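Whatever order the structure lists them in is the order used to number ligands and atoms, beginning at 1. Bear in mind the structure is a predicted one, so any value in this text is a computation, not a measurement.
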Amino acid sequence: MQEAGTRTEIHKRVCPLCEGMCGIQVAVEGDRALNIRPDPENAWSRGHICPKGTTLGAVHHDPDRLTRPVIREGSRWREVSWEEAFAHTEKLVDRVRQQHGQDAFAFYGGNMSGKGFASARYMMLLLGQAKFAQRYSSSSVDQLPKNLSSHLMYGNMWKFPIPDVDNTDLLVIMGGNPAASKGSIFSHRDVMGAIKDLRARGGKVIVIDPVRTRTAQSSDQWLPIRPGADAALLLAVVHVLFEEDRVTLGHLADLVNGLEDVRRIARHYSPEHVAAFCGIDPGTIRQLARTIAEAPRAAVYGRIGTCTQEFGSLASWLVDVVAILTGNMDVPGGSMWSTQVAPHLDLAPPYPSSAPVVGKPSRVRGAPAILGQYPASCLAEEIDTPGEGQVHALFTLGANPVVTAPGSSRLDAALQTLDCMVSLDIYINETTRHAHVIFPSPSLLEQPHWDVWAWPWCLTSGGHYSPATFVPRERPEEWRVMARLGAIFGGNPDADIDAMDDEFFAGMCDQVGVDRDTAFRDLPERGPERILDLCIRTGPFGDRFGENPEGMKLADFKREPRGILLGHAKPQGSAAISTPSGKIELAPDHLLADLPRLDAAMERPRDSLKLVSRRQLASLNSWMHNVEKLVKGRDRCTLQIHPADAESRDFAEGDRVIITSESGAIEAPVEITSNIRPGVVCLPHGWGHDLEGVEMRVAQSKPGVNSNILSPARLVDRASGNAVVNGIDVTVEKVQQSVST
Ligand SMILES: Nc1nc2c(c(=O)[nH]1)N[C@H]1C(S)=C(S)[C@@H](COP(=O)(O)OP(=O)(O)OC[C@H]3O[C@@H](n4cnc5c(=O)[nH]c(N)nc54)[C@H](O)[C@@H]3O)O[C@H]1N2
Ligand SMILES: Nc1nc2c(c(=O)[nH]1)N[C@H]1C(S)=C(S)[C@@H](COP(=O)(O)OP(=O)(O)OC[C@H]3O[C@@H](n4cnc5c(=O)[nH]c(N)nc54)[C@H](O)[C@@H]3O)O[C@H]1N2
Ligand code: SF4
Ligand SMILES: [Mo]
């Protein structure tokens, strides 16, 4: 579209940054993105946007963003040709392989690996080729407990039940703050708007969170739980449901195994027994159970606060147990499963769905790989502990674990000792500054887009294809870069990339039962687009290559720049379940085995301050602080503390304090607020950009502090290996004014 009288073109696309999937209009003049506005015509978002979405142009034009490969020479970086970067990588990889063998290679995938059009689809090819001995990812500082419970209960690690917020009467949010995050593993065009609508039609919203977040402030009831106590609270809810004979499985009655085990286990967790641990009185817990049971339709939703804590797997499991026991699973207005137009994760999951639940123990602390990946919390020790199998080479893909993973200081030091570190990223940041070679990804505006990480959690079926706004020049396609790097790391540097891609694609065709020749004939162009087309064509709305002539293919979406919506999810019944028994496993042994650990925690003294994390609307984890517009204004990196805790320590607003945990100490100003539970303090995550060697000038000028210096790598949710970054024991003291200042 051309605006009258100017050479400005409007490019419609989707913001890929989060599950909001906002339609945006990028005003383009030549090779400049002039501005970005919401797209009121977008079928899904209808004009919704947040401040981050308007800054994709700023990221694209950021002079600190890498556009050519760089090689580190000491503390200096040299721009090189792609060929030189590949050749240098090959040399480094070869040396490590000769000296230490294939066991010395590890991979770390981050949040952004799933958002790139090519990287989301080619990570599996890269992993398949490279055969890294150890795989890590930000999943184990995020949703791995939910992957685990979903795998054990439904037989699919990506089968996450999503709250049907538009049709419910009661929404219970545990450990999520969509006012900042915009919804996570739950895609809605406007969660806060939906909450408002729900309340306006007489429904109720309960938020269970140690912090009275903006979401909690927009709810009917805030239950300020003690960090880490969600599993105990939910067990008590289950206890009351059985005790008061309120269990009703509804249409899932014949599809559930383990009901009696759950009844037996829950007997032990009366509201009176868990109240002190949860910091919620027994009457309120009983009332919570009754409110959920009595609501005509209720949706219980647990997110990051229920995952990245000491009992993440138990809590993730019990969120679903409560939904199932109250007849609220797989029903409109309860929790439902999506029907995706392009079911990609089942086809090329970022982690092998065939990996055992509990894999080989890690070398240093003996923590097993869970669903194919080791805990991010183990990476530093695997690098800095000598011996057979020590990690000497690391590949990072769209990840910044020096800021986002626990035990940051040790990891930072460990990365410095690697013999070979290669990153696919767009910045020289806290992590990639340790790399020997960085390959630049295209900017998000230089990539097509289809939300692999949002539609699976969206109860509206639909799709939106965004073409690249700018076509990058002088660079190989990213999928080819990933394939070649996979081949180099796998010791097969001269592999035929085209043949490799054809084989990858053919494997997918077999998986979905499509004749290879037909697929190759209809989709001759190599690369991520044909994978997307395959997914659409073989998905529930697809044309199955002509078998279903009314069905859809990618071309249909290419013709519709507003996106296409195809209706609301429907109950799936037994079709949703792929466990060996064909039933929902309500009481998986692997999770029950973790209950004694919860019992032991309930006996511990409860006197120390607990640190939790928060997100901020104008940040995205650790990497968007180089955008001036997103960091301007007052310092957001504050320690929130309750007035009573501040008073007992003689803190005044803005005082600088030292926060200390068993793994480190950092300094931040205090922000005194009654919107937090006494005994809990809260820091934002994703800051701490003042490390030497970071080349992000805006971020460095407003660095903030890295809260994960305080997250002890020792602490994990044992069942999943997930990091514990919420509920950390800390002490807080005022910084003593030094004489010189
Ligand atoms: N204390 C605490 N810690 C946490 C959390 C918390 O709540 N509290 N949350 C956790 C969660 S949920 C997550 S997901 C993790 C996130 O952990 P990470 O994934 O490690 O962190 P991000 O900041 O998302 O890093 C994204 C990386 O991708 C790069 N990048 C940006 N755009 C692109 C691109 O187009 N291509 C490529 N290849 N790279 C790109 C950025 O430069 C950056 O290096 O953090 C976790 N850590
Ligand atoms: N603006 C913005 N949006 C984002 C991101 C971002 O960094 N910035 N990151 C994206 C990513 S990667 C993710 S995973 C999602 C996360 O999305 P959300 O899960 O909504 O994340 P948060 O806003 O961090 O909310 C977590 C809440 O858990 C609470 N909490 C901490 N400990 C506990 C506990 O033990 N129990 C309970 N019940 N609550 C607890 C915290 O106080 C906090 O309010 O957001 C995504 N969207
Ligand atoms: S970051 Fe999320 S909420 Fe913000 S514009 Fe992008 S998709 Fe929308
Ligand atoms: Mo995340």
Side-chain angles (χ1 to χ4, degrees), residues 16-20 50-52 59 65-66 108-116 119 137-143 173-186 191 207-216 223 225-230 233 302-312 315 376 396-406 408 423-432 439-444 446-447 478 610-624 626 676-677 680 682-686 696 706-708 710-711 723 725-728:
L17 294 175
C18 86
E19 280 91 314
C50 89
K52 294 184 296 302
V59 174
R65 182 174 68 84
L66 298 173
Y108 196 106
N111 191 51
M112 287 311 288
S113 61
K115 314 271 175 169
S119 63
S137 84
S138 54
S139 287
S140 65
V141 201
D142 190 347
Q143 85 293 342
I173 299 181
M174 307 181 71
N177 179 20
S181 69
K182 296 286 170 181
S184 172
I185 315 193
F186 160 33
V191 183
V207 173
I208 303 174
D209 197 304
V211 181
R212 190 162 181 262
T213 59
R214 257 213 321 119
T215 307
L223 295 183
I225 192 169
R226 286 186 66 253
D230 299 79
L233 175 72
R303 202 40 291 265
I304 199 92
T306 57
C307 282
T308 51
Q309 54 136 298
E310 204 176 348
F311 302 101
T396 72
L397 174 54
N400 190 10
V402 166
V403 176
T404 58
S408 295
S423 297
L424 188 52
D425 208 288
I426 61 167
Y427 284 121
I428 299 175
N429 64 17
E430 299 75 15
T431 297
T432 59
F439 290 86
S441 281
S443 85
L444 293 166
E446 289 172 323
Q447 306 184 37
E478 186 166 45
K610 295 269 182 197
L611 173 70
V612 298
S613 285
R614 68 175 181 273
R615 278 182 163 65
Q616 298 172 317
L617 187 59
S619 299
L620 188 59
N621 298 326
S622 73
W623 72 273
M624 290 196 81
N626 215 41
I676 193 164
R677 189 192 156 80
V680 177
C682 177
L683 279 170
H685 103 107
M696 299 174 72
N706 176 357
S707 65
N708 279 323
L710 302 174
S711 312
V725 296
N726 283 297
I728 310 282

Discussion item. I'd like the name of whichever of Asp230, Thr308, Asn177 reaches closest to atom 25 (O) of ligand 2 through any heavy atom.
Written reply: Asn177

Worksheet item: Under a 4.0 Å heavy-atom limit, does Gln616 contact ligand 2 with its side chain, its backbone, both, or neither?
Response: backbone

Item to complete: Any atoms of ligand 2 less than 4.0 Å from a non-hydrogen atom of Leu620? List them with their elements.
Response: 4 (C), 5 (C), 6 (C), 7 (O), 8 (N), 9 (N)

Discussion item. Which residue is it: Ile728, Val680, Thr308, Asp209? I am looking for the one with a side chain to side chain contact (heavy atoms under 4.5 Å, CB included) to Val612.
Written reply: Val680

Discussion item. Would Met174 count as a polar contact of ligand 2, with the cut-off being nitrogen or oxygen pairs under 3.5 Å?
Written reply: no

Practice prompt. Starting from atom 3 (N) of ligand 1, locate the nearest protein heavy atom and write down its residue, its atom name and how far away it is, to 0.1 Å.
Written response: Asn708 ND2, 3.0 Å

Practice prompt. Name the option, out of Asp425, Ile304, Leu66, that contains the heavy atom nearest to atom 41 (C) of ligand 1.
Written response: Asp425

Worksheet item: Looking only at protein heavy atoms, which one is nearest to atom 40 (C) of ligand 2, and how far off is it?
Response: Pro210 CD, 3.3 Å

Worksheet entry | Residue Gly398 vicinity, atoms of ligand 1 by number, heavy atom under 4.0 Å | 19 (O), 26 (C), 27 (C), 28 (O), 38 (N), 39 (N)

Worksheet item: Would Gln447 count as a contact of ligand 1 if the rule is a heavy atom under 4.0 Å away?
Response: yes

Practice prompt. Without swapping roles, check the side chain of Asn726 against the backbone of Gln309 for a donor-acceptor pair under 3.5 Å.
Written response: no

Worksheet item: Where the closest heavy atom to atom 36 (N) of ligand 1 is concerned, which of Ser441, Ser443, Ser423 has it?
Response: Ser441

Worksheet item: Between Ser113 (side chain) and Gly398 (backbone), is there a donor-acceptor pair under 3.5 Å?
Response: no

Fill in: Considering all heavy atoms, the nearest Cys50-Leu617 contact
CB-CD1, 4.1 Å

Worksheet item: Hey, mind stepping through Ser119 and Glu478 against side-chain hydrogen bond (donor to acceptor under 3.5 Å, both in side chains) and telling me if it holds?
Response: CA-CA 7 Å; Ser119 63; Glu478 186 166 45; 4.7 Å; no

Fill in: Protein heavy-atom partner closest to atom 10 (C) of ligand 1 - residue, atom, separation in Å
Val141 O, 3.1 Å

Worksheet item: So, Thr432 side chain and Tyr427 main chain: donor-acceptor pair closer than 3.5 Å or not?
Response: yes

Item to complete: Look at atom 31 (C) of ligand 1 and find which of Met112, Glu478, Arg65 reaches it with the closest heavy atom.
Response: Met112

Item to complete: For Val403 and Ser408, work out which heavy atoms get closest and say how close.
Response: O-OG, 4.1 Å

Worksheet entry | Any donor-acceptor pair under 3.5 Å from Arg614 side chain to Cys682 backbone | yes

Worksheet item: Just heavy atoms, cut-off under 4.0 Å: does Ser613 contact ligand 2 by side chain, backbone, both, or neither?
Response: backbone

Fill in: Residue selection (non-hydrogen contact nearest atom 42 (O) of ligand 2) among Ile185, Asp209, Val612
Asp209

Practice prompt. Taking all non-hydrogen atoms of both residues into account, name the closest pair between Lys115 and Pro16 and its distance.
Written response: CD-O, 3.2 Å

Worksheet item: Quick check: does any side chain N or O of Gln447 sit under 3.5 Å from a backbone N or O of Pro442, one acting as donor and the other as acceptor?
Response: yes

Fill in: Over 12 foreign heavy atoms within 6.0 Å of CZ, Arg212
yes

Worksheet entry | Asn706 (side chain) donor-acceptor with Val402 (main chain) under 3.5 angstrom | yes

Worksheet entry | Whether Pro401 lies under 4.0 Å from ligand 1, heavy atom | yes

Worksheet item: What atoms of ligand 2 come closer than 4.0 angstrom to any heavy atom of Val211?
Response: 42 (O)

Item to complete: Classify the contact between Asn726 and ligand 2 as side chain, backbone, both or neither, using a heavy-atom distance cut-off of under 4.0 Å.
Response: side chain

Practice prompt. Looking only at protein heavy atoms, identify the closest one to atom 4 (C) of ligand 1 and say how far it is in Å.
Written response: His685 ND1, 3.1 Å

Worksheet entry | ligand 2 atoms in contact with Gly228 (distance to a heavy atom under 4.0 Å) | 34 (C), 35 (O)

Practice prompt. Please state whether Gln143 comes within less than 4.0 angstrom of ligand 1, counting heavy atoms only.
Written response: no

Practice prompt. Distance to 0.1 Å, residue and atom name: give those for the protein heavy atom nearest to atom 9 (N) of ligand 1.
Written response: Arg615 NH2, 3.1 Å

Worksheet item: Heavy atom of Ser707 under 4.0 Å from ligand 1?
Response: yes

Response to the item:
Here the atoms of ligand 1 under 4.0 Å from any heavy atom belonging to Gly110 are 19 (O)

Worksheet entry | Heavy-atom nearest neighbour in the protein, as seen from atom 19 (O) of ligand 1, with distance rounded to 0.1 Å | Asn111 N, 2.6 Å

Response to the item:
Nearest non-hydrogen contact to atom 18 (P) of ligand 2 from the set Ser622, Pro227, Ser181, Cys307 belongs to Ser181

Worksheet item: Looking at Ala399 and Tyr108, what are the two nearest heavy atoms and their distance?
Response: CB-CD2, 3.5 Å

Worksheet item: Can you tell me if Thr306 uses its side chain to pair, donor with acceptor, with the backbone of Ala315 under 3.5 Å?
Response: no

Fill in: Gln309 neighbourhood, listing ligand 2 atoms whose heavy-atom distance to it stays under 4.0 Å
35 (O)

Worksheet item: Tell me, which protein residue and heavy-atom name are nearest atom 34 (C) of ligand 2, and how many Å apart are they?
Response: Gly305 O, 3.3 Å

Practice prompt. Run down the list Val402, Asn400, Val403, Asn621 and name the one with the heavy atom closest to atom 13 (C) of ligand 1.
Written response: Asn621

Discussion item. Set out, in order, the CA-CA distance, both residues' side-chain angles and the distance that settles side-chain hydrogen bond (donor to acceptor under 3.5 Å, both in side chains) for Thr396 and Ser423, then state yes or no.
Written reply: CA-CA 5 Å; Thr396 72; Ser423 297; 2.7 Å; yes

Worksheet entry | Heteroatom proximity flag, Ser711 to ligand 1, N/O under 3.5 Å | no

Item to complete: Grab the two heavy atoms, one from Val59 and one from Trp623, that are nearest each other, plus how far apart they are.
Response: CG1-CZ3, 4.1 Å

Worksheet entry | No-hydrogen, no-angle side-chain donor-acceptor test under 3.5 Å, Thr404 and Asn621 | no

Practice prompt. Quick one: do Arg303 and Glu19 satisfy salt bridge (Lys or Arg N to Asp or Glu O under 4.0 Å)? Show the steps, please.
Written response: CA-CA 13 Å; Arg303 202 40 291 265; Glu19 280 91 314; over 6 Å; no

Item to complete: Using heavy-atom distances, let me know which of Leu424, Asn429, Ile426 sits nearest atom 33 (C) of ligand 1.
Response: Ile426

Worksheet item: For the residue pair Thr215 and Ala179, what are the closest heavy atoms and their distance?
Response: OG1-N, 3.1 Å

Worksheet item: So which of Gly175, Ser619, Ala180 gets nearest to atom 8 (N) of ligand 2, if we judge by its closest heavy atom?
Response: Ser619

Practice prompt. List every atom of ligand 2 that sits less than 4.0 Å from any heavy atom of Thr213, numbering the atoms from 1 in the order shown and giving each element.
Written response: 44 (O)

Worksheet item: Taking the side chain from Ser139 and the backbone from Asp142, do they hold a donor-acceptor pair closer than 3.5 Å?
Response: no

Discussion item. Which option wins on minimum heavy-atom distance to atom 21 (O) of ligand 1: Ile728, Asp142, Thr404?
Written reply: Thr404

Worksheet item: Can you list the atoms of ligand 2 that are under 4.0 Å from a heavy atom of Ser184?
Response: 13 (C), 14 (S), 15 (C), 16 (C), 17 (O)

Discussion item. Counting non-hydrogen protein atoms only, what is the nearest one to atom 15 (C) of ligand 1? Give residue, atom name and distance.
Written reply: Ser138 CB, 3.9 Å

